[in-house]
Protein chains: 2
Amino acid sequence: MEAQTSTEVAAARIREAILSGELLPGERLHQDRLADMLGISRTPLRAALTTLSQTGLVSYASNRGFYVREFSISEVSGAFAIRAELEAMACRLAATQITGKDSEYLLQLAAEGDRLLQPGALLPENLPAYRQMNVSFHTTIMTLSGNPWITTLVENLQNVPIASDRVIVWRDYDVIKRSHDDHHRIARALSNRQAERAASIMREHITFAHEHLQAQLALNPQDFLRVPVAEKPMKIRSGSLKNRRKTS
Amino acid sequence: MEAQTSTEVAAARIREAILSGELLPGERLHQDRLADMLGISRTPLRAALTTLSQTGLVSYASNRGFYVREFSISEVSGAFAIRAELEAMACRLAATQITGKDSEYLLQLAAEGDRLLQPGALLPENLPAYRQMNVSFHTTIMTLSGNPWITTLVENLQNVPIASDRVIVWRDYDVIKRSHDDHHRIARALSNRQAERAASIMREHITFAHEHLQAQLALNPQDFLRVPVAEKPMKIRSGSLKNRRKTS
DNA sequence: CAAATTCAAAATGTATCCAAAAATTGATTT
DNA sequence: AAATCAATTTTTGGATACATTTTGAATTTG
C-alpha cells in the first residue's frame with residue numbers, strides 16, 4: 001500500500017465531493033469547517049485547495065478564500081470542442097507509430113465493450129466496467145500519440161464537471177451502440193494506419209457525445225446534478241462531507 | 001496598487017527564477033533554504049510550490065519534496081505541436097465571429113511590428129516591445145476564438161521553458177521579417193473571415209518557429225540557458241535568489 | 001571487501017498559534 | 001427609514017513548533 005499524505009487524501013476527497021455534486025458550484029469552502037469535517041488541520045486542507053484551484057475545480061481570491069468553481073455552459077461546450085480536437089490529433093499521431101501489440105489492445109477493449117453490451121442494453125451493474133473501458137480506450141490512444149501534453153491537457157478538461165468522459169448517458173442503448181461502433185472503427189483505422197480517418201471518427205465521436213449530452217441535459221437536468229462517479233469511496237472518517245460540525 | 005499575498009509573490013519570484021535559468025532543471029528545492037532566501041516562512045513557500053507544481057514548472061513527490069521540473073526534448077517539441085494545433089483552432093473560430101474593431105486592433109499590432117522592424121533589424125532595445133507585441137497578437141486571437149480553454153491551455157504550454165513565445169530568436173532578421181509577414185497575413189485572413197487560410201498560416205507560423213528554435217538550439221545552446229524574460233524584476237529583498245544562506 | 005543494517009541528522013508534513021484582513025453587527029446620523 | 005461608520009466577530013494568511021519520513025554515513029556482518 002502506498003503512502004498517502006493527508007493533503008493528497010483531502011484533495012481527492014474534495015475533488016470527488018465536487019464532481020459528485022456533494023459540494024455545489026459557487027459554494028464557499030470555509031477552511032475551518034472543511035478541515036473539521038475531514039478531520040485534519042487547516043494546513044494540509046489549504047494545500048489541497050491550492051492544488052484544486054490550479055486544476056480548475058476550485059476558484060480562489062486572496063483574503064477571501066476558496067469557492068467551488070462555477071462553469072458556464074460555454075465553458076463546458078468549449079471543453080468538449082478542445083477535447084475533440086486534441087483527441088483527433090492523438091489519433092493522427094498514434095496512427096503513424098502504432099504497433100501490432102497496441103492495436104491488439106485497442107481491439108481487445110472494443111471486444112470487452114461488445115461483451116458488456118451483449119444483453120442488448122447497458123445494465124446498471126455493467127456501467128462502471130463500461131465506463132472504465134471507455135476511459136482506457138481514450139487514454140490509450142492519447143498515450144500512443146507520443147505527445148504527453150495531450151493526456152495532460154485533456155485531463156485538465158475532464159475537471160469540468162459535465163464534460164468528463166466518466167459521464168455516460170447509459171439509458172439510450174442505440175446511442176451507446178453507435179458510440180461503441182465508433183470505437184471499433186477507430187481501432188481498425190488506427191491498426192491500418194489510416195490517420196485522417198481515425199481522427200475524423202474521433203472528432204465526430206466526441207462532438208456527438210457533446211451534442212447528445214446537451215440534449216439530455218435540456219430534457220433531464222436532474223440526472224446531471226449528481227453525477228455518479230464514486231468508484232472507490234475513499235472514506236475519511238465516517239459520514240458525509242457536509243453536515244458535520246465540531247463536537248467539542 | 002493591489003494587495004499581494006506573500007504566497008503569490010513567492011510563486012511569481014520562483015517562476016521567474018526557473019524561467020530565467022536562475023534555478024536549473026532537476027534542482028532540488030529545499031524548503032528551509034528557499035524560504036530563508038525569500039525571507040518568508042515555509043507555509044507560504046509550500047503554497048507557492050504547490051501552485052507551481054500544478055502549473056507544471058515544478059515537480060513534486062510526497063515526502064521527497066519539490067524539484068525544478070525537467071523537460072525532455074520530446075516534451076518541448078510536443079508543446080509546440082499542441083500550440084500549433086490550438087492556435088490554428090483559435091484562428092478558425094475567431095474568423096467566424098471577428099468584428100471590425102477586432103481586425104483593426106490586429107492590423108494595428110502588425111503595424112507596430114513594422115515600426116519596430118523599420119531599422120532593418122530587431123534592435124536589442126526594441127526586443128521587449130516586439131516580444132510584447134507578439135504575445136498580444138497571439139493572445140488576442142485566442143481570446144477572439146471565444147473558447148477560453150484555448151488561452152488557458154496554451155498558457156500551460158508556455159510554462160515549458162523553451163517553448164514560451166516570450167522566447168524570440170532576434171538575431172536572424174530574415175526569419176523575423178518572414179514571421180512578422182505571417183502576422184500580417186493572419187490578420188488579413190481573419191478580417192476577411194478566411195478561417196482555414198488563417199488557421200493554416202498560424203499552424204505553419206508556430207511549426208516553423210519550433211523548427212527554427214531547434215536549429216538555433218543545436219547551433220548555439222548557450223543562448224538558451226538563460227532566457228531573458230525579466231520584464232519586471234520583482235525583487236524581494238536584495239541579491240540573487242541563490243547563494244544566500246541564513247545569517248544567524 | 002562488499003552488502004546489509006542501524007541510527008542520527010536533516011528534510012518534509014501537520015498542528016497550533018498569532019496577525020492581518022474581511023465580513024458583520026449595531027449604533028448613529030441624516 | 002435608509003445610509004454610513006465604527007467596533008466586534010469571523011475568517012484567512014503566515015510563523016512557529018512538533019511529528020513523521022527520508023537520507024546518508026558509520027558500523028556491522030557475511
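Quick note on labels: first sequence line is chain A, next is B, and so on, each numbered from 1.
- Going from atom CD of B:Gln31 over to atom P of D:dT16 covers 15 Å, rounded to whole Å.
- The phosphate of D:dT10 has neither OP1 nor OP2 within less than 4.0 Å of any side-chain N or O from A:Arg64.
- Taking only side-chain nitrogens and oxygens, B:Ser41 never comes nearer than 4.0 Å to OP1 or OP2 of D:dT16.
- The C1' atoms of five pairs define one axis at each end of the helix from C:dC1-D:dG30 to C:dT30-D:dA1, and these two axes lie 20° apart (to 10°).
- Look at B:Arg42 and you won't find any side-chain N or O under 4.0 angstrom from OP1 or OP2 of D:dA15.
- Between B:Arg46 and the phosphate of D:dG14, there is no side-chain N or O to OP1/OP2 separation shorter than 4.0 Å.
- Residue B:His30 is the one, among B:His30 and B:Thr43, whose nearest nucleotide of DNA chain C lies closer to the 5' end (criterion: closest heavy atom).
- When the shell of 6.0 Å around CD of A:Glu155 is examined, it contains 12 or fewer heavy atoms from other residues, nucleotides or ligands.
- With sequence neighbours excluded, the residues satisfying side-chain hydrogen bond (donor to acceptor under 3.5 Å, both in side chains) with B:Ser77 are B:His210, B:Gln214.
- In terms of phosphate contacts, B:Thr5 brings no side-chain nitrogen or oxygen within less than 4.0 Å of OP1 or OP2 of D:dT12.
- Rounded to whole angstrom, the span from the CD1 atom of A:Ile40 across to the P atom of D:dT20 amounts to 16 Å.
- Residues that satisfy the ring pair (Phe, Tyr, Trp, His ring centres under 6.0 Å) test with B:Tyr105, not counting sequence neighbours, are absent from this structure.
- An OP1 or OP2 oxygen of D:dT12 is reached within less than 4.0 angstrom by no side-chain nitrogen or oxygen of A:Tyr67.
- For the OP1/OP2 pair of D:dG13 and a distance below 4.0 Å, the side-chain nitrogens and oxygens of B:Ser6 include no atom meeting the criterion.
- Between B:Leu106 and B:Ile98 there is a side-chain heavy-atom pair separated by less than 4.5 Å.
- Closest to the A:Arg28 side chain, of the nucleotides D:dT12, D:dA15, C:dG13, is D:dT12.
- With rounding to whole Å, A:Asn63 atom CG is found 8 Å from C:dA22 atom C1'.
- In this structure, A:His183 and A:Leu109 have side chains that are not in contact, with every pair of non-hydrogen atoms separated by 4.5 Å or more.
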